There are 2 protein chains.
Amino acid sequence: MPSQTAATVERAADILVRFAEAGTDTLGVTELAESLGMSKAAVHRVLASFRSRGLVVLDEESRRYSLGLTAMRLGLAYLDRIDVRRLATPELPALSRLTGETATLSIRTGDTRVYIDQATPEREVIMSVSLGVPYPLHAGGSSKAFLAFLSEEEITRYLSRSLETMTPATVTDPGRLRTDLTLIRRRGYAMSIAERQSGAASVAAPILDHHGRPAAVISVCGPADRFMAEADACAAALLQTTDRLSAELGHH
Amino acid sequence: MPSQTAATVERAADILVRFAEAGTDTLGVTELAESLGMSKAAVHRVLASFRSRGLVVLDEESRRYSLGLTAMRLGLAYLDRIDVRRLATPELPALSRLTGETATLSIRTGDTRVYIDQATPEREVIMSVSLGVPYPLHAGGSSKAFLAFLSEEEITRYLSRSLETMTPATVTDPGRLRTDLTLIRRRGYAMSIAERQSGAASVAAPILDHHGRPAAVISVCGPADRFMAEADACAAALLQTTDRLSAELGHH
DNA sequence: GAACAGCATTCCTACTATTGGAACACAAGG
DNA sequence: CCTTGTGTTCCAATAGTAGGAATGCTGTTC
């Protein structure tokens, strides 16, 4: 969609993105050049430039590169400007302790949604989510908690697209999804068993702003086999938290 | 220091950095161009390129730019790969040389804490700690440096348990411990004389992560009889180190 | 211990892609 | 309705990048 772009800058951005995607901490010049189809010389120049700005750092011994302090500052700057985060983050540990399961916070990013924080309980078998990864709005508790509280037009538009299947339990039929969403609105929270992630289950409820729109979603989630027995208690604790936060955003 | 750089990429990086520095969430093209001495056209091209990679997003209404999801993922990727040990271990020899005493690194393991590394000075009478042995959180400098910076709930929970006596100097009274912890938080470091180990004394301070939680503790310790004369100087050197490391973990 | 392999880094010229002034479009405010 | 401030596009000049090849370095193999 962006119109006037600069190829050099896009390639440089690709290098940066590769650091975020790669599971490994460090990347070498050759490795980057091959995976991006660039020449080693070009990759090296870009890395040297990023290095001068602290975006990446060079380990002098291994001659390999990793992300730098500036990269971290970018991430924290992004999170700082999300004010619902400041409001909700302190609630997650309390919710996790109360329920004995993982509590998460998500925000919407267009037609997707990402976890931006989580608090995990202190026990052996726990569930942990991936922060920063976009997920579709129709699969899983947190996603459906967003979708259910969007406007009728937005829901219709979203459901008219092709809906990705993430697990065998993902619902992709628009009719069945609409029934789900109606129930979610009536109960005030969404429940999901293995819709986004096999073996996982969750309850999720939105924090509504003064327009009644979902500013964020909190979920309580855990391993599916034991979670079902706790689901009702989790939902009660969850709603108590989200109702209070919604009120703080001016929702009544 | 970097040798072969690419001017275009450096300018692009400067734009990115500006988003992290600026207190405001959004920036406009003109604003960026003027503050960086670039032409509006160049800034616009760079932003368009970053936009295609999700590093920045454009608010269609206000025509202003802010950081995007990819920026957050960079920050989280940086934080993920930070292994406190790798960060702090190289600092221990320097701290030991500077103070003439032993420098140690501890991490928490639930309701206990273990030394995972140490650096000893080159002199005849030195103190040496046992790596890998769990110690309780209420006795000794390193332990109390952890305890003091946990959440109020965690402290209360810990103090409600029965507290082991390790030496005649160990404090086990919850009231006196709370007074200790308050002082530690105010000074930024903990001091202990023979609380965990007879004949030993130490100062200890936490490395705090971006949540303000203690990721690790560094201590400087030595034989009690001579250590007291050096304690203030050791604390100063210690805090200089831990403050810098906390910043690298995103604490501010 | 010498030859080798694999890596990062530098060099240098052809040439492609960026540059930036100016023109344009659009919105808000006087 | 004109003005002033945006962000965006256009285009020719040229400055800066690209990339193949050479170099230097490190660690490994025989």
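Here the structure is a predicted model, which means the values were calculated and not measured.
Of the candidates D:dG19, C:dT19, D:dT6, C:dT19 carries the atom nearest the B:T8 side chain, counting heavy atoms from C-beta on. Comparing C:dG20, D:dA18, D:dT8 by their closest approach to the side chain of B:L58 singles out D:dT8. Of the candidate nucleotides C:dT19, D:dA18, C:dT9, C:dT19 has the atom nearest to the side chain of B:A42. For B:H44, counting side-chain heavy atoms from C-beta on, the closest listed nucleotide (C:dG20, D:dT9, D:dG19) is D:dT9.
Put simply, CG on B:L32 is 15 Å from C1' on D:dT8, counting in whole angstrom units. Distance, B:L47 CG to D:dT9 C1': 15 Å, rounded to whole Å. The distance from atom CZ of B:R64 to atom P of C:dA28 is 14 Å, rounded to the nearest whole Å. Atom CG of B:D59 and atom P of D:dT8 are 11 Å apart (whole Å). In this structure, B:E10 places its CD atom 15 Å from C1' of D:dA15, rounding to the nearest Å. In this structure, A:L27 places its CG atom 14 Å from C1' of C:dA8, rounding to the nearest Å. Computed from coordinates, the B:M38 CE to D:dT8 P distance equals 15 Å when rounded to whole Å. When the P atom of C:dA23 is taken as reference, atom NZ of B:K40 falls 13 Å away, rounded to whole Å.
Base contact: B:A41 has a heavy atom under 4.0 Å from a base atom. Contact annotation for B:A6: backbone-only contact, meaning every heavy-atom pair under 4.0 Å involves sugar-phosphate atoms and none involves a base. B:R45 comes within contact range of at least one nucleobase, with a heavy-atom separation under 4.0 Å.
The aromatic rings of A:H138 and A:Y158 sit tilted relative to each other, their planes meeting at an angle between 30° and 60°.
Ion pairing between a basic and an acidic side chain is recognised when a charged N comes within 4.0 Å of a carboxylate O; A:R196 and A:E164 show no such pairing.
For D:dG7, the OP1/OP2 oxygens have a side-chain nitrogen or oxygen of B:T30 closer than 4.0 Å. A close approach under 4.0 Å does not occur between any side-chain nitrogen or oxygen of A:R63 and OP1 or OP2 of D:dC25. Regarding contacts with the backbone of C:dT9, a side-chain N or O of A:Y65 is found under 4.0 angstrom from either OP1 or OP2. Contact between the side-chain N/O atoms of B:R11 and the OP1/OP2 oxygens of C:dT19 is found at a separation under 4.0 Å.
Residue B:R213 places its CZ atom among 12 or fewer non-hydrogen atoms of other residues, nucleotides or ligands, all under 6.0 Å distant.
Here the CD1 atom belonging to A:I107 is positioned 11.0 Å from the CG atom belonging to A:D117, to the nearest 0.5 angstrom.
Toward the 5′ end of DNA chain C lies the nearest nucleotide of A:G28, the other residue of the pair A:A7 and A:G28 mapping further downstream.
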Next item on the list: Could you walk me through whether B:R45 and A:E10 pass the salt bridge (Lys or Arg N to Asp or Glu O under 4.0 Å) test, one step at a time?
Entry: CA-CA 10 Å; B:R45 271 192 302 269; A:E10 288 189 337; over 6 Å; no

